[in-house]
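For reference, the structure discussed in these notes is given below.
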2 protein chains.
Amino acid sequence: MAEKRSYHHGDLRRALLAAAAEAIAESGPAALSLRDLARRAGVSHAAPAHHFGDKAGLLTALAVEGFNRLADALDASRAETGSLLEAGVTYVRFAVENRAHFEVMFQPSLYDRDDPEVDVARQRAGAALSAGVSTLDEPPPAEETRKTELAAWSIVHGFATLWLAGAFPDPLGDNAGDAARPVIRRLFD
Amino acid sequence: MAEKRSYHHGDLRRALLAAAAEAIAESGPAALSLRDLARRAGVSHAAPAHHFGDKAGLLTALAVEGFNRLADALDASRAETGSLLEAGVTYVRFAVENRAHFEVMFQPSLYDRDDPEVDVARQRAGAALSAGVSTLDEPPPAEETRKTELAAWSIVHGFATLWLAGAFPDPLGDNAGDAARPVIRRLFD
DNA sequence: CACTTTAACTTGCCAGCGACTAGTTACTCT
DNA sequence: AGAGTAACTAGTCGCTGGCAAGTTAAAGTG
């Protein structure tokens, strides 16, 4: 696909999103340049605007894709293991394997956070997250459920963010998911 | 101070850092413009370069200031309360009250993470963080200490990040520290 | 099939930005 | 008082994002 060098790229939208994810993973969202993406895709500098409007539009699309991928990953994890602990590990692994998406998703100043598509995707991910807590062997009392959700979300999100930021001083190995497991477990003992 | 409109600003470096923090808190680090800062401070567009070299240099200085402020806050909290829980609340409160610093500190692609000043400040903050764990009533066994530190850091960092990102769907009030306390407590029960 | 509409691009332009160079001002130190 | 240096200014460059106007090709319509 996209082999032909015709006037129409054929799959430019996806090509730009992929190139953006790659560029952001390398140099961070701040260094992203639409013109550079256009160059990588072999199109003119104004082509991206046609698909995304402006830079924020492109990052909005990236955020949507990210929230949907996260929801998919969490749903799959729950279907396979039914374990909240493993759902947390999945969250961390998602962040590392989709670094660019993850960084954009949680930096709303970069995109249009009120976009309806983002809202839908974010709620999907939120629901997938909440569903995980109900898989606990000893589910907390109803009034505690909310706090447990927040605690679980916070610990995995914090671990992922700190890992990506390179904030942990000593080396914890090269597998973020495995490194996270014993840490997350402290919350559920 | 800085009342005189002379050739020399007198306190430009600090004025620029303060203006940068304000601008970032409003619009995020990506939207930051050195020229805009210069305008706010009433100096020429090239003045910031003299104090910070380039944009990354300014953000490096902001990160240093942030890590030092965080270390100060954590040390003060430990001196006052001697409680790890309250140290966590302090961490969250720091993030909200120093939003711009916090966002920059943990986004190393924005600045020079290998700068020696950053390294010193970061280690100060890390030490202040570790010291908190030793204040636990039931300190964990030596081999567990590390995991407890990581878990504590992760949960407060995650809560702060998610709060700043506006990721929590339902309103948790306007006081992040108070909202965080019951969540953090789940880790230490 | 011809004809029209529309989607997917390109080309050209503008202001703003970061970074660099060279010059100017004023403080400091002896 | 005079020299040296720190703190700025002014001017320029290439790059960027965003806009306007034109071009190409594909899809729909009789």
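Naming convention: chains lettered A, B, ... in sequence-line order (proteins, then strands); numbering from 1 in each chain.
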As a quick check of understanding, evaluate side-chain contact (heavy atoms from CB on, under 4.5 Å) for B/Leu58 and B/His51, giving each step before the final call. CA-CA 8 Å; B/Leu58 187 149; B/His51 288 280; over 6 Å; no
Go through B/Leu37 and B/Leu32 one step at a time and tell me if the side-chain contact (heavy atoms from CB on, under 4.5 Å) criterion holds. CA-CA 8 Å; B/Leu37 297 184; B/Leu32 187 70; 4.0 Å; yes
Yes or no on salt bridge (charged side-chain N to carboxylate O under 4.0 Å, His left out) for A/Arg124 and A/Asp72, after CA distance, side-chain angles and deciding distance? CA-CA 9 Å; A/Arg124 262 200 72 201; A/Asp72 290 344; 2.7 Å; yes
Checking B/Leu172 against A/Leu150 for the side-chain contact (heavy atoms from CB on, under 4.5 Å) test, could you report, in this order, the C-alpha distance in whole Å, the side-chain angles of both residues, the deciding distance, and whether it holds? CA-CA 11 Å; B/Leu172 295 176; A/Leu150 292 181; 4.0 Å; yes
Give the C-alpha distance, both sets of side-chain angles, the deciding distance and a yes or no for salt bridge (charged side-chain N to carboxylate O under 4.0 Å, His left out) between A/Asp119 and A/Arg113. CA-CA 8 Å; A/Asp119 227 56; A/Arg113 80 191 293 176; over 6 Å; no
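Side-chain atoms of A/Gln107 and B/Gln107 include a donor-acceptor pair closer than 3.5 Å.
Rounded to the nearest 0.5 Å, atoms CD1 (A/Ile24) and CG (A/Asn98) are 12.0 Å apart.
Remark: B/Asp54, B/Lys55 in residues 48-60 of chain B come within less than 4.0 Å of DNA chain C through at least one heavy atom. Scanning residues 27-38 of chain B for heavy-atom distances under 4.0 Å to DNA chain D yields B/Arg35. For residues 109-117 of chain A, proximity to DNA chain C is found at no residue, defined as any non-hydrogen atom under 4.0 angstrom from a strand atom.
What separates NE2 of B/His45 from P of C/dG16 is a distance of 13 Å, to the nearest Å. The nearest whole Å value for the distance from the CG atom in A/Leu12 to the P atom in C/dC9 is 5 Å. If you take CZ of A/Arg14 and P of C/dA8, they are 15 Å apart, rounded to a whole angstrom. Spacing between atom CZ of A/Arg39 and atom P of C/dT11 amounts to 14 Å, rounded to whole angstrom units. A/Asp11 places its CG atom 15 Å from the P atom of D/dA26, with the value rounded to the nearest Å.
For B/Phe159 and B/Tyr91, the ring centers sit 6.0 Å or farther from each other.
Judged purely by atom type and a 3.5 angstrom limit, B/Thr148 uses its side chain to pair as donor or acceptor with the backbone of B/Glu144.
Between B/Phe106 and B/His157, the ring-plane angle classifies as perpendicular under the 30° and 60° cut-offs.
The existence of a salt bridge linking A/Arg78 and A/Glu86 is excluded, since no basic side-chain nitrogen approaches an acidic carboxylate oxygen closer than 4.0 Å.
The side chain of B/Val43 approaches D/dT9 more closely than any other nucleotide in the set D/dT9, D/dG18, C/dA19. Considering only the side chain of A/Ala47, C/dT10 comes nearest among C/dT10, D/dT9, D/dG18. Residue A/Ala46 places its side chain closer to D/dA20 than to any other of D/dT12, D/dA20, C/dC9.
The residue B/Arg13 sits apart from the nucleic acid: no heavy atom pair falls under 4.0 Å.
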